[in-house]
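Below you'll find the structure, written out as structure tokens, and then a few comments.
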Amino acid sequence: MRIPCPHCGERDVAEFRYGGDATKQRPAHGTGDLQAWHDYHFMFDNPKGPHTEYWQHTLGCRQWFKLRRNTATNEIEDGA
Amino acid sequence: MTSFRRTNKPSHIDRSKPISFVFDGKQLSGFAGDTLASALLANGKTLLGRSFKYHRPRGVIAAGLEEPNALFTTGVGGRTEPNTIGPITELVNGITAKSQNAWPSLAFDVMAVNQFLSPIFSAGFYYKTFMGPLKKSWMMYEPIIRKAAGLGVAVPDVDTARYEQRYTFCDVLVIGSGPAGLAAAVTAARSGLRVILAEQDFELGGCLLSSGIEMLEQWRKSQISELESHKECRVLKRTTAQGIYDGNLVVLNCSPQKHPAAMILEQCRAKTIIFATGAIERPLVFGNNDRPGVMLASAVRTYLNRFGVAPKKRAVIVTNNDSAYQTAFDLAEADVAVTVAEQRATLSGDLLAKAAQFGIAIFPSSGIANVIGEKQIRAVRLAGRHAATIECDVLAMSGGWSPVVHLTSHGGIKPKYIEKISAFVPGGFVPSHFGAGGVNGTFGAMAAIREGETAARAALELLGFDKKLEVIELPAMREDRAYSIELQWTVPADKHAFVDFQNDVTTKDIKQAHQEGYLSVEHLKRYTTLGMGTDQGKTSNINALAMMADLRGLPMNEAGTTTFRPPYAPLTIGAIAGRSVGAHFKPKRLSPLHDWHVANGATFIEAGLWMRAWYYEWAGNSPETAYIKEMELVRQNVGISDVSSLGKIDVQGPDAAEFLNRVYVNGFAKLPVGRARYGVMLNDDGIVLDDGTTSRISDTQFYLTTTTAQAGEVMSWLEFLLQMHWIDLNVHVTSLTDEWGGMAVSGPNSRRALQLAFPNLDITTEALPYMGVMDIEFEGVPARILRLSFSGELAYEVHCPANYTTALWEHILLRADSLGIKPYGLEALASLRIEKGHVAGADLDHRNTLDDLGLGKIAGKEKDYVGKALRFREDCQAPERWSLVGIECMEDGKRLRGGAILFAASDEIKGHGRGYITSVTWSTELNKFIALALYNGGLKHEGEDIICAFPLKNENVKARIVSPHFIDKAGERLHA
């Protein structure tokens with residue numbers, strides 16, 4: 001798989017780390033009760049198909065970004 | 001008795017270049033251009049191996065990598081290669097090949113008795129015999145059975161060959177160089193785009209090499225010479241496409257010629273792929289169809305036309321389709337008497353007329369009833385209307401053609417069955433994939449050439465190439481004749497009618513699988529071992545699937561195929577490992593002080609990716625005792641230790657204090673400039689992520705340290721928070737882990753040592769109190785002194801840029817030499833901190849809460865911090881969690897061990913216990929073994945007696961739970 005880093009362009013997946021589901025809204029710092037954090041941290045869908053995820057270009061510019069990837073085919077949508 | 005001979009016909013071997021080789025200890029010779037298999041046949045060697053289960057005599061069946069039987073062990077020592085496929089092994093000088101699975105010799109194999117025991121080795125033998133009440137007997141019989149059944153044997157020697165990997169990109173990748181592949185590659189190359197042509201063989205041309213037709217040979221040569229003229233076209237011979245992965249990543253393994261590597265694994269990203277992988281001929285299934293001398297008809301033609309190896313006098317051909325007649329005519333032309341057993345009742349007129357011309361006898365509606373001759377075919381008995389017995393040197397069989405749909409199926413598109421050609425073809429192509437020729441079920445050179453060109457034009461169009469290209473010139477010959485086939489999948493009753501020649505699966509096994517309910521093709525495969533092994537059923541799968549479909553009364557399309565997975569052909573593990581072996585298995589991180597450690601008698605130990613100094617020669621030569629001397633040095637005097645592997649992060653910005661106040665559980669907002677503070681970070685889930693010491697350098701700058709193990713994780717986490725969530729905070733983090741080195745100067749004399757090293761510096765306890773930080777200059781280089789202690793003694797850390805770390809280290813050692821300062825290693829460092837009760841990587845198992853580690857009280861009550869909400873979830877507050885305790889050994893002469901399972905004194909020693917020891921050391925202060933452990937309920941059990949069980953060494957040691965702070969509980973030494 002090759003991943004388009006928004007800063008460096010398309011690079012091999014080996015240069016990146018996966019950062020998990022990016023569809024959830026993280027409670028703002030200092031807010032959110034136990035239930036809100038529980039839902040944010042533990043409750044995930046496991047979709048087959050397009051999925052918005054966090055990735056970091058760890059072996060490059062170290063930029064974190066969101067990426068829309070098809071979990072079944074690894075196809076990456078443009079302009080995620 | 002030899003049954004093969006060399007012809008004088010023009011072929012693709014170079015008769016001016018003889019090549020000598022050794023087979024089973026005998027010196028033989030062949031020619032350049034031969035394969036191991038063709039040279040063995042030319043030398044009259046037809047008995048080439050013994051079969052997997054029954055040890056039946058076997059010869060060569062095919063002329064390509066689908067070969068199930070002619071497998072050899074080649075090479076010697078570490079370069080030994082088992083299961084080398086004879087028909088694709090290029091004959092080179094000095095090659096040494098041995099037959100496999102025969103003992104004591106190929107001609108006389110004692111295990112051949114297995115064939116008479118075949119009733120007990122039938123399908124499901126292992127499951128039935130050893131999975132039921134006899135399960136335990138498997139342990140006893142396994143080595144004997146493993147020895148009796150098998151292929152080549154791997155050698156224990158280290159493989160000395162060099163393997164490499166490379167990464168390439170191209171616009172068009174063409175896989176296969178038959179007529180379709182050559183036409184596709186030439187068309188694509190004419191565009192000037194980047195083209196790769198990958199061919200598994202050492203010659204380009206695929207089936208053209210076997211045709212014996214001059215016009216096709218001229219066409220082949222002209223295409224090859226044109227390819228050579230295109231600069232952007234790479235032609236890779238001896239290169240197998242092993243798998244297609246997402247993003248059009250194609251794994252090619254190349255055996256290069258003029259290169260130090262034995263094999264190069266190439267990961268090629270192709271914008272478009274043209275599959276010109278051709279088709280493989282299927283055997284026919286009849287009694288004793290595995291006898292040496294029974295071969296695929298196309299293989300007989302290849303040995304004849306490409307290698308100039310012909311059957312001595314007589315050949316019988318058995319077929320259900322037209323393609324075998326090409327073999328018949330070519331054999332007749334080479335003065336071989338040919339008889340055809342034609343399974344079909346009628347035949348087209350042109351074939352009949354041509355056969356008559358050559359004097360070929362055709363028996364319609366016939367098959368083979370039996371093959372006579374054990375180690376070499378002598379005659380065949382026809383079945384059907386003409387039950388004659390015919391003497392022959394070779395029986396050439398053709399059961400039709402199976403397109404090579406393996407690669408096109410790797411992405412998950414299942415092949416589909418085409419009734420007209422009785423074969424599976426690709427079920428479809430994704431937009432950047434194209435197929436041409438045999439893989440599409442197009443049998444015929446002219447049609448394949450046209451399809452190759454069409455596929456390449458479509459690929460170029462997809463790539464946006466819009467210039468006009470010349471049309472490929474066709475060979476000057478007439479059109480292909482139509483292909484016709486008529487199948488009889490009915491299963492012969494003979495128990496020695498082989499379907500899978502490599503795994504010794506017969507028609508009887510398939511019937512049995514059907515009777516016992518293993519109906520789906522995937523079950524059939526696993527129950528009978530059909531299609532397993534090095535050939536992965538390239539010749540056998542379709543026949544077996546068809547038989548099962550027939551037994552079930554299903555159409556082929558519904559029966560389906562088994563799943564095609566990479567690699568397409570056997571692949572040496574070394575090629576996958578590449579250069580990542582031995583010292584290069586993983587990256588090695590070295591401290592800037594590494595060379596000094598090497599030069600000064602350090603023994604090293606791996607800590608994650610780091611190589612760290614474990615202990616030094618001055619303290620002894622055994623890890624069990626050296627660290628004790630080093631500990632005593634620190635407790636009584638002063639030592640210096642390399643702490644460069646600690647994670648070091650520079651945190652800067654107007655909001656730096658607020659940022660750290662959020663990520664640490666304890667407060668950092670009000671940390672004064674020039675002071676350091678111990679801090680703990682949690683993950684969002686409330687579990688401890690890391691601990692370390694962070695100092696405030698200025699209002700807007702902090703110097704954060706992490707544990708060695710978590711340095712990368714913490715850095716990434718801080719970046720994640722700043723870049724994705726707290727974008728309103730003006731903070732930047734920069735890793736200094738590799739840029740700065742560090743050393744700990746520890747012991748009651750450490751201040752004196754530093755005072756000697758930096759005589760002009762005021763480091764009195766007033767100027768630099770415990771947890772004080774001071775930026776200094778050392779010979780014009782910035783450095784930082786942090787008064788903090790891992791050992792529990794008066795101690796300092798001195799950090800400076802990595803390039804100067806050795807100079808600074810040597811400077812301190814030199815100036816403080818009068819005190820007796822010496823280096824101490826990782827073992828002593830870790831032991832000192834265990835005595836002090838500091839947790840480290842071994843104790844932090846990514847399941848600990850703050851309270852588990854006894855650190856709950858440091859967390860801010862009022863302020864918010866990462867992980868606060870989930871820290872208080874029910875599970876994390878449970879009373880009986882595994883929590884940090886200290887342990888003292890209560891038995892003289894016995895020792896505690898890391899990983900020991902802990903039981904209460906009254907417990908039965910069984911199961912997972914109440915906890916385990918995470919770190920252990922000999923305590924020089926207490927004169928006994930002590931440990932840190934995680935124990936159910938933690939310090940609630942302080943003072944209780946426990947048993948430390950270590951079943952691997954059969955040890956049960958009495959111990960007691962104590963506070964994890966073994967020394968200086970009041971911290972007087974730290975503040976000295």
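Letters A, B, ... are given to chains in the order of the sequence lines, protein chains preceding strands, and every chain is numbered from 1. Note that the structure is predicted; figures quoted are calculated from it, not measured.
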### Query
Do the ring planes of A:Tyr40 and A:Trp37 sit parallel (below 30°), tilted (30 to 60°) or perpendicular (above 60°)?
perpendicular

### Query
If you count heavy-atom pairs under 4.5 Å between each of A:Glu75, A:His38, A:Met1 and chain B, which one has the most?
A:Met1

### Query
Is it the case that more than 12 heavy atoms not belonging to A:Asp45 sit under 6.0 Å from its CG atom?
no

### Query
Checking B:Tyr865 against chain A: side chain, backbone, both or neither under 4.5 Å from a heavy atom?
backbone

### Message
Under 4.5 Å from any heavy atom of chain A, what part of B:Gln723 do you find: side chain, backbone, both or neither?
### Response
side chain

### Query
Which answer fits A:Gln63, side chain, backbone, both or neither, if we ask what part of it has an atom under 4.5 Å from a heavy atom of chain B?
both

### Query
Contact part of B:Arg269 toward chain A, heavy-atom cut-off under 4.5 Å: side chain, backbone, both or neither?
side chain

#### Entry: Check ion pair A:Lys24-A:Asp39 (N to O, under 4.0 angstrom)
no

#### Entry: Aromatic ring pairing B:Phe429/B:Phe275, orientation class (parallel under 30°, perpendicular over 60°, tilted between)
parallel

### Query
So which part of A:Phe65 gets closer than 4.5 Å to some heavy atom of chain B, the side chain, the backbone, both or neither?
backbone

### Message
Using the ring pair (Phe, Tyr, Trp, His ring centres under 6.0 Å) criterion, which residues pair with A:Trp55? Sequence neighbours excluded.
### Response
A:Tyr18

## Note on the structure
Max heavy-atom pairs within cutoff under 4.5 Å with chain B, candidates A:Arg17, A:His29, A:Arg2, goes to A:His29

### Query
Looking only at side chains, do A:Thr23 and A:Asp21 share a donor and an acceptor under 3.5 Å apart?
yes

### Query
For residues B:Asp650 and B:Thr734, is any side-chain donor paired with an opposing acceptor at under 3.5 Å?
no

### Message
With a 4.5 angstrom heavy-atom cut-off, is it the side chain or the backbone of A:Thr58 that approaches chain B, or both, or neither?
### Response
side chain

### Interface moiety of B:Leu721 toward chain A, non-hydrogen atoms closer than 4.5 Å
side chain

### Query
Which one of A:Thr31, A:Asp33, A:Asp12, A:Asn74 has the most heavy-atom pairs closer than 4.5 Å to chain B?
A:Asn74

